[in-house]
Amino acid sequence: MDRIRLATVWFGGCSGCHMSFLDLDEYLIELAAKVDLVYSPVADIKEYPDNVDLCLIEGAICNQDNLELLRKVRARTKVLVAFGDCAVTANVPAIRNQLGPANRQSVLQRAYVENAQHNQSLPKQDGIVPLLLPRVMPVHEVVRVEHFLPGCPPPADRIKALVEPMLSGAKPRLEGTQLKFG
Ligand code: SF4
């Protein structure tokens with residue numbers, strides 16, 4: 001039987017959702033016996049691969065790099081899970097949306113000038129900071145999402161409940177709008 005191909009992606013989030021995933025502790029060893037982790041910030045893999053069965057997406061979509069990778073992830077993945085409140089609602093990263101159309105310039109000014117202790121200046125070199133989107137978006141505003149796992153972060157026992165069926169080799173699939181395994 002083909003092994004299940006699992007990925008996790010980190011967009012605009014604090015990494016707390018991935019920390020909660022790591023809180024699965026020894027259960028990760030059981031999971032590793034059944035599942036190949038084919039892309040993740042906790043593994044040094046540069047290119048998002050084809051034919052991924054399930055991807056946990058942490059974070060909101062904040063910049064052009066997020067947008068391009070998310071589209072690639074969608075095209076190469078059967079089941080996407082919005083993993084945590086930043087992915088589900090945009091949550092903390094979307095606070096800048098309240099500042100209106102000038103929010104991009106405001107956050108760069110705050111980060112690189114007002115809050116900087118040294119070398120107060122905006123980044124000038126092209127591409128050194130990914131282009132911020134005019135508005136931070138939850139994942140489902142950009143691509144189709146099959147499942148939502150809210151929480152800030154989702155607790156480990158709820159992550160475990162989601163991935164548990166994969167321990168018996170059951171592959172994730174959609175039945176109507178419901179995520180099923182088998
Ligand atoms: S949902 Fe909470 S824990 Fe997860 S990335 Fe966002 S702020 Fe961090």
Side-chain angles (χ1 to χ4, degrees), residues 5-28 31-32 35 37-48 52-74 76-100 103-104 106-112 114-116 129-166 172 177 179:
R5 291 165 64 77
L6 174 70
T8 76
V9 177
W10 178 17
F11 290 126
C14 72
S15 87
C17 293
H18 273 85
M19 293 301 110
S20 200
F21 181 74
L22 294 179
D23 281 343
L24 290 171
D25 297 330
E26 69 275 7
Y27 185 77
L28 289 171
L31 197 61
V35 165
L37 188 65
V38 295
Y39 186 91
S40 175
V42 300
D44 188 19
I45 302 164
K46 305 295 183 207
E47 177 69 14
Y48 194 87
V52 176
D53 290 304
L54 185 140
C55 179
L56 300 173
I57 298 181
E58 173 187 321
I61 307 309
C62 303
N63 62 44
Q64 191 63 29
D65 286 5
N66 296 161
L67 200 58
E68 286 166 17
L69 179 56
L70 178 61
R71 288 184 175 136
K72 186 183 287 186
V73 167
R74 173 68 280 178
R76 297 180 178 183
T77 310
K78 294 181 186 122
V79 171
L80 292 192
V81 177
F83 177 41
D85 285 350
C86 291
V88 173
T89 69
N91 199 27
V92 178
I95 290 172
R96 78 167 159 93
N97 294 351
Q98 305 300 316
L99 299 173
N103 75 75
R104 288 188 283 189
S106 302
V107 293
L108 292 176
Q109 180 74 18
R110 187 77 172 161
Y112 290 100
E114 294 165 21
N115 278 350
V129 173
L131 180 67
L132 298 181
L133 298 174
R135 213 179 120 260
V136 177
M137 295 175 284
V139 174
H140 70 273
E141 278 194 27
V142 182
V143 296
R144 190 183 76 252
V145 168
E146 278 78 29
H147 192 73
F148 295 86
L149 190 62
C152 183
D157 58 348
R158 290 187 42 229
I159 302 170
K160 184 176 175 183
L162 173 73
V163 299
E164 185 121 56
M166 295 196 282
T177 57
L179 176 60

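Computation of the quantities below employed the complete heavy-atom set of this structure, encompassing side-chain atoms and omitting hydrogens, waters and symmetry-equivalent molecules. Counting starts at 1 for both ligands and their atoms, following the listed order.
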message: Tell me whether atom 2 (Fe) of ligand 1 has C17 as a neighbour, meaning an N, O or S atom of it below 2.8 Å.
response: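 Short answer: no, not a single N, O or S atom is under the cut-off.
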- request: Output yes when D53 and R5 qualify as a salt bridge under the 4.0 Å nitrogen-oxygen rule, no when they do not.
  value: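 Salt bridge between D53 and R5, a charged N being under 4.0 Å from a carboxylate O: no.
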- request: Fit a plane to each ring of F83 and H18, take the angle between them on a 0 to 90° scale, and name the class: parallel (under 30°), tilted (30 to 60°) or perpendicular (over 60°).
  value: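 Judged by the thresholds at 30° and 60°, the geometry between F83 and H18 is perpendicular.
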Close-contact set for ligand 1 against [X] heavy atoms, below 4.0 Å:
{"X": "G13", "answer": "5 (S)"}
{"X": "C14", "answer": "3 (S), 5 (S), 7 (S), 8 (Fe)"}
{"X": "E58", "answer": "5 (S)"}

task: Examine C86 and say whether one of its N/O/S atoms is closer to atom 6 (Fe) of ligand 1 than 2.8 Å.
output: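 A backbone or side-chain N, O or S atom of C86 is under 2.8 Å from atom 6 (Fe) of ligand 1.
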message: Can you give me the closest heavy-atom contact between L80 and V143, atom names plus distance?
response: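 Result for this residue pair: CD1-CG2, 3.9 Å.
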- prompt: Any donor-acceptor pair under 3.5 Å linking the side chain of N97 with the backbone of V136?
  reply: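 Indeed, once roles are kept as given, a pair shorter than 3.5 Å links the two residues.
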- request: Starting from atom 2 (Fe) of ligand 1, find the nearest protein heavy-atom neighbour and note its residue, name and distance.
  value: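 Among all protein heavy atoms, the one nearest atom 2 (Fe) of ligand 1 is C152 SG, 2.3 Å.
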query: Crowded around R158 CZ? As in, over 12 foreign heavy atoms under 6.0 Å?
result: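 Yes, because the 6.0 Å sphere around CZ of R158 holds more than 12 heavy atoms from other groups.
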field: G151 near ligand 1 by a heavy-atom separation under 4.0 Å
entry: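 Yes.
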- prompt: Below 4.5 Å, heavy atoms only, C-beta onward: do I159 and L149 meet side chain to side chain?
  reply: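 Yes - at least one pair of side-chain heavy atoms lies under 4.5 Å apart.
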